[in-house]
K.L.:
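Below are the structure tokens for one structure; questions will follow.
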Amino acid sequence: MQRAIEHELDLKSLFPLSATSSATFHIADFGCSIGPTTFMSVQNIIEAVNHNNNQASTTKLPLEFQVSFNDQTNNDFNTLFRSLPAHRHDNYFAAGVPGSFYGRLFPTSSLHLGSISSSLHWISRVPGELTAAGRRDSIQCTGLDEDVARAYSGQFTRDMEAFFDARAEELVSGGLLAISALCLPAGAVLAQTGLGMIFDLLGACLVDLAELVCQTFTVFFMDELQTFTLTYYIMILSNPNGFNLIH
């Protein structure tokens, strides 16, 4: 984040007429949850922008920071804002923006920097074409039919297009979008990773629990267990150097 802001963010081009008046730098944290890691991320951004501003060869801009914390409407924003750092600077203003980041959340050309960390693996919905066929003894896509994998991959692709389309409208020219996401290297198998092993263990425990409940209380909901699905997709990173988007 610090390197990207240092090398890619030109404050003078973002605020060409704000040499003497106050300039508002708008940051959006997408998928913020309830902290405290979201505050650490935002603080790193603010410190990097301030450092960039202080290193400017010309007059330093009088910056103020508008920070918008975004998450789903059912996020606990009350807990989030009760946890706001008490020592934050006077030029740091916070607001909550509820809604899915797979759609527009901000006015056109209003964001200078967008950040999303460990949230893009949550897709917007369970793929509509997904069926219970071929399922199963796991809560992840391990050893399932190829059509299940294709359904999730297709939904992820549609969600990514919607995400980038929305951010392209919201970011100012010269703004930055920083993404930190779970990825698998090409050829890797999720079940052989630590996260995949955790999913397999949770899935086995869930099946055992359901069977125990059915035997003890004569409740039959194994069919419901077969259709239990997470809106979760981990992307495959085919380029070891990541990717760059220029807008």
Side-chain angles (χ1 to χ4, degrees), residues 1-6 8-9 11 14-15 22-54 60-107 110-125 139 159-160 162-164 166-167 169-172 175-183 194-195 198-199 202 230-235:
M1 178 69 76
Q2 292 173 344
R3 288 195 299 271
I5 290 175
E6 178 182 357
E8 304 294 340
L9 195 69
L11 292 175
L14 293 179
F15 306 103
S22 177
T24 301
F25 190 92
H26 192 179
I27 301 168
D29 184 24
F30 298 97
C32 66
S33 189
I34 59 173
T37 53
T38 187
F39 301 129
M40 297 167 57
S41 174
V42 167
Q43 188 60 40
N44 286 337
I45 292 171
I46 291 176
E47 290 178 357
V49 173
N50 277 328
H51 178 75
N52 190 354
N53 191 23
N54 292 333
K60 182 174 72 172
L61 291 171
L63 286 180
E64 293 184 327
F65 294 92
Q66 173 65 59
V67 182
S68 296
F69 295 97
N70 157 257
D71 213 311
Q72 297 280 14
T73 55
N74 59 354
N75 188 56
D76 189 354
F77 284 98
N78 288 330
T79 296
L80 174 73
F81 289 117
R82 280 196 295 267
S83 305
L84 272 170
H87 60 276
R88 68 185 190 279
H89 296 295
D90 293 338
N91 63 343
Y92 174 166
F93 303 95
V97 180
S100 170
F101 49 58
Y102 291 121
R104 287 287 302 275
L105 293 164
F106 299 97
S110 62
L111 288 182
H112 298 100
L113 193 150
S115 174
I116 182 166
S117 178
S118 299
S119 296
L120 278 178
H121 52 272
W122 293 111
I123 56 180
S124 64
R125 59 190 289 270
I139 61 175
D159 283 345
M160 289 302 97
F163 176 83
F164 286 119
R167 304 295 83 78
E169 294 291 336
E170 295 166 348
L171 282 169
V172 302
L176 296 181
L177 177 63
I179 299 174
S180 174
L182 290 172
C183 297
L195 181 61
I198 291 174
F199 275 159
L202 289 175
L230 294 173
T231 55
Y232 196 98
Y233 181 89
I234 298 179
M235 69 186 77

K.L.:
Using modelled atom types and a 3.5 Å cut-off, is there a donor and acceptor pairing between side-chain atoms of His26 and backbone atoms of Ser110?
P.N.:
yes
K.L.:
Is there a donor-acceptor pair closer than 3.5 Å between any side-chain N or O of Glu170 and the backbone N or O of Leu111?
P.N.:
no
K.L.:
If you compare all heavy atoms of Arg104 against all heavy atoms of Ala166, which two are closest, and at what distance to 0.1 Å?
P.N.:
CD-O, 3.6 Å
K.L.:
Give the minimum heavy-atom separation between Trp122 and Thr231, together with the two atoms involved.
P.N.:
CE3-O, 3.2 Å
K.L.:
Does Glu47 have any side-chain contact (heavy atoms from CB on, under 4.5 Å) partners at least two apart in sequence or in another chain, and if so, which?
P.N.:
Gln43, Asn44
K.L.:
Parallel, tilted or perpendicular: which describes the rings of Tyr232 and His121, with under 30° parallel and over 60° perpendicular?
P.N.:
tilted
K.L.:
Can you name the residues that form a side chain to side chain donor-acceptor pair (under 3.5 Å) with Ser124, not counting sequence neighbours?
P.N.:
Gln155, Asp159
K.L.:
Residues two or more places apart in sequence or in another chain: which of them pass salt bridge (Lys or Arg N to Asp or Glu O under 4.0 Å) with Arg88?
P.N.:
none
K.L.:
Between atom CD1 of Ile123 and atom OH of Tyr233, what is the distance when rounded to the nearest 0.5 Å?
P.N.:
9.0 Å
K.L.:
Stepwise, does the side-chain contact (heavy atoms from CB on, under 4.5 Å) test hold for Leu9 with Leu14?
P.N.:
CA-CA 8 Å; Leu9 195 69; Leu14 293 179; 3.7 Å; yes
K.L.:
Determine, step by step, whether His51 and Asn54 satisfy the side-chain contact (heavy atoms from CB on, under 4.5 Å) criterion, reporting the C-alpha distance in whole Å, the side-chain angles of both residues, the deciding distance to 0.1 Å, and the verdict.
P.N.:
CA-CA 5 Å; His51 178 75; Asn54 292 333; 5.5 Å; no
K.L.:
What are the two closest non-hydrogen atoms of Ala95 and Phe81, and how far apart are they?
P.N.:
C-CZ, 3.6 Å
K.L.:
Using side chain to side chain donor-acceptor pair (under 3.5 Å) as the criterion, list what pairs up with Gln66, not counting sequence neighbours.
P.N.:
none
K.L.:
Throw together a table of side-chain donor-acceptor distances under 3.5 angstrom for residues 29-41, partners on residues two or more places apart or in other chains.
P.N.:
residue : atom : partner : partner atom : Å
Asp29   : OD2  : Thr38   : OG1          : 2.1

K.L.:
Which heavy atom of Leu120 sits nearest to which heavy atom of Tyr102, and what is that distance?
P.N.:
O-OH, 3.6 Å
K.L.:
Run Leu195 and Leu182 through side-chain contact (heavy atoms from CB on, under 4.5 Å) and show every step you take.
P.N.:
CA-CA 10 Å; Leu195 181 61; Leu182 290 172; 4.2 Å; yes
K.L.:
Go through it in stages, so that I can follow the logic: the residues are Asn53 and Phe15, the test is side-chain contact (heavy atoms from CB on, under 4.5 Å), and I'd like the CA-CA distance, side-chain angles, deciding distance and then a yes or no.
P.N.:
CA-CA 12 Å; Asn53 191 23; Phe15 306 103; over 6 Å; no
K.L.:
Decide, yes or no, whether a salt bridge links Glu6 with Arg3 under the criterion of side-chain N to carboxylate O below 4.0 Å.
P.N.:
no
K.L.:
Kindly give the heavy-atom pair with the smallest separation between Ala178 and Met1, and that separation in Å.
P.N.:
CB-CE, 3.5 Å
K.L.:
Output all residues satisfying side-chain contact (heavy atoms from CB on, under 4.5 Å) with Gln72, sequence neighbours left out; order by chain, then residue number.
P.N.:
Asn74, Ser100
K.L.:
Quick one: closest heavy-atom pair of Gly114 and Leu171, and the distance?
P.N.:
N-CD2, 4.2 Å
K.L.:
Quick one: pull up CG in Asn50 and CG in Asn91 and give me the separation to the nearest 0.5 Å.
P.N.:
6.5 Å
